[in-house]
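Predicted model, so just to flag it, every value in this text is computed and none were measured.
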Amino acid sequence: MDSDQTIVTVAQQGPEAAALRSEIIATLTAPAPSIPAKLHYDERGSELFEEICEQPEYYLTRSEIAILEAHGESIGRAVGPGAAVVEPGSGASIKTELLMRSLPECAAYVPSDISEVMLEEAAQRVSDRFPELPVIAVHADFVAGIDLPSVAQLGRRRLVYFPGSTIGNFDPDMQQAVLRGFAKLAGDDGACLIGYDRVKDISRLEAAYNDAAGVTAEFNLNMVDRLATEFDFGVSRDDFEFVAEWDEDRSAVVSHVVALRDVTIGYEGGEVRVPRGSRIRTEESHKYTPARFASLAESVGLRVDHTWCDANEDFAVALLSSA
């Protein structure tokens with residue numbers, strides 16, 4: 001394809017504000033209250049996440065980049081030529097550029113993200129770096145589903161790329177649902193390339209989510225700001241502090257905002273009382289052994305064909321296909 005034929009389009013499939021507000025009310029009023037993790041990713045939240053990835057305690061991004069740099073050729077051979085890459089929750093697409101250099105004859109790139117501004121910027125940057133690559137960006141909440149554009153049918157197979165250990169940010173049932181959705185996106189002859197964080201020393205795991213600069217705390221308190229400014233909830237970040245702790249039973253670092261005093265969160269049609277010391281969950285970050293990740297894949301009809309790790313075995317990238 002000539003460079004002047006490259007496509008950069010944003011299809012509007014993003015979540016409606018009213019539906020998202022209803023979801024927030026449902027999770028806040030649940031027996032174990034939480035804020036939907038997708039609220040992390042407005043423009044400010046997306047910028048903060050990129051800052052988190054640069055913190056010295058946050059080894060995940062550096063480890064995954066090291067895998068792509070050290071094993072890119074092997075990953076490219078395993079995926080094969082002519083793949084059309086679909087990336088749900090694409091964010092800044094930094095690691096995607098490394099992957100693209102390794103894939104022989106990449107046919108197309110379809111990023112999708114809930115943050116429209118970051119999606120447009122990342123899609124344009126990838127298009128600029130790979131001027132002959134067809135790029136179509138889809139603004140969507142991938143959990144609700146992505147309507148693939150026709151360009152995703154190009155090439156010999158589809159590769160669903162999901163880096164960053166984002167799969168671990170869902171509870172176990174949703175991990176299965178997300179992987180089922182990815183298997184459907186990939187199709188019978190496609191594959192999924194999934195990043196996951198490995199179980200390791202608890203002090204290192206907790207430190208990654210409690211960085212000394214407080215960027216992760218700001219990332220989570222930004223969700224409280226959004227409740228007030230975008231969704232008209234009567235709440236202030238000054239009423240909360242951020243806590244992230246290892247939960248052995250869940251094999252996850254669980255993040256919360258904790259009430260510093262008795263708090264009443266008001267909204268049109270009701271209110272939520274949050275006693276001092278009570279926690280509102282903002283995210284789970286599950287960690288895996290290779291056996292546990294393989295079991296998760298098998299539970300939805302996928303198999304692990306290849307796994308690549310960094311030198312310290314902190315992180316893994318796995319290629320999955322239909323079992």
Side-chain angles (χ1 to χ4, degrees), residues 8-15 20 36-55 58-69 85-101 103 108-130 133 135-146 148 152 159-170 174-175 178 181-182 185 192-197 208-209 211 215-216 218-220 222-223 226 255 282-286 315 317:
V8 179
T9 303
V10 177
Q12 299 295 332
Q13 299 175 16
L20 185 51
K38 67 185 73 174
L39 256 69
H40 278 122
Y41 296 104
D42 63 343
E43 183 177 1
R44 173 64 174 155
S46 297
E47 292 171 352
L48 285 167
F49 182 72
E50 296 308 311
E51 287 186 40
I52 288 171
C53 294
E54 298 173 359
Q55 299 309 303
Y58 197 80
Y59 59 85
L60 289 82
T61 301
R62 291 188 296 275
S63 299
E64 190 169 21
I65 287 174
I67 293 170
L68 292 171
E69 290 176 339
V85 178
V86 178
E87 184 175 6
S90 52
S93 300
I94 300 300
K95 285 168 279 194
T96 312
E97 294 184 28
L98 291 173
L99 176 66
M100 292 294 188
R101 295 191 188 105
L103 296 180
Y109 177 50
V110 180
S112 178
D113 201 86
I114 200 169
S115 173
E116 185 174 1
V117 173
M118 177 163 282
L119 176 65
E120 290 178 320
E121 291 175 351
Q124 185 62 62
R125 189 182 64 253
V126 172
S127 182
D128 291 343
R129 299 280 173 84
F130 302 91
L133 182 72
V135 178
I136 291 187
V138 181
H139 178 222
D141 175 4
F142 69 82
V143 174
I146 300 172
L148 289 177
L159 177 70
V160 177
Y161 183 43
F162 200 53
S165 199
T166 308
I167 189 64
N169 295 146
F170 300 95
M174 278 303 299
Q175 290 173 35
V178 167
F182 289 172
L185 285 176
C192 302
L193 190 65
I194 312 288
Y196 69 87
D197 195 18
Y209 299 88
D211 57 274
V215 182
T216 306
E218 178 65 22
F219 180 59
N220 284 269
N222 181 61
M223 302 170 80
R226 291 189 69 190
S255 298
T282 54
E283 191 166 56
E284 299 180 4
S285 300
H286 289 256
F315 201 91
V317 173

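The shortest heavy-atom contact between I146 and P88 is CD1-CB, 4.1 Å. The two residues S165 and D197 have their closest heavy-atom pair at OG-N, 2.9 Å. Across all non-hydrogen atoms, the minimal contact from G91 to A122 is O-CB, 3.5 Å. Nearest heavy atom pair, residue Y161 against residue E64, reads OH-OE2, 4.5 Å. For L133 against M100, the heavy-atom pair with the smallest separation is CD2-CE, 4.0 Å. The two residues E87 and Y109 make their nearest non-hydrogen contact at OE1-OH, 2.5 Å.
Using a 4.5 Å heavy-atom threshold, the side chains of L193 and L99 count as touching. Between V86 and V138, every side-chain heavy-atom pair lies at or beyond the 4.5 Å cut-off. Using a 4.5 Å cut-off on side-chain heavy atoms (C-beta onward), E120 and E116 make contact. For the pair L20/D141, no side-chain contact is recorded, criterion being any heavy-atom separation below 4.5 Å from C-beta on. Contact check for F162 versus I167: side-chain heavy atoms found under the 4.5 Å cut-off.
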* To do: Check step by step if side-chain contact (heavy atoms from CB on, under 4.5 Å) holds for L103 and L159.
  => CA-CA 10 Å; L103 296 180; L159 177 70; 4.2 Å; yes

* Give the C-alpha distance, both sets of side-chain angles, the deciding distance and a yes or no for side-chain contact (heavy atoms from CB on, under 4.5 Å) between R44 and E218. => CA-CA 10 Å; R44 173 64 174 155; E218 178 65 22; 4.0 Å; yes

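Distance check, rounded to the nearest 0.5 Å: OG of S93 to CG of L119 gives 7.5 Å. For the atom pair CD (E283) and CG (N169), the distance works out to 4.0 Å, reported to the nearest 0.5 Å. Taken to the nearest 0.5 Å, the CZ atom of F315 stands 10.5 Å off from the CD1 atom of I65. To the nearest 0.5 Å, atoms CG (N222) and OH (Y41) are separated by 11.5 Å. Rounding to the nearest 0.5 angstrom, the gap separating the OG1 atom in T96 from the CZ atom in R101 is 11.0 Å. Rounded to the nearest 0.5 angstrom, K95 NZ and L68 CG are separated by 8.0 Å.
Between F182 and F142, the angle of the ring planes lies from 30° to 60°, which puts this pair in the tilted group. Ring geometry for F219 versus H40: interplanar angle under 30°, hence parallel rather than tilted (30 to 60°).
Judged purely by atom type and a 3.5 angstrom limit, D211 uses its side chain to pair as donor or acceptor with the backbone of T216. Remark: the backbone N or O of L39 is paired with a side-chain donor or acceptor of R226 at under 3.5 angstrom.
A donor-acceptor pair shorter than 3.5 Å can be found between the side chains of T282 and N220. A donor-acceptor contact closer than 3.5 angstrom links the side chains of Q124 and D128.
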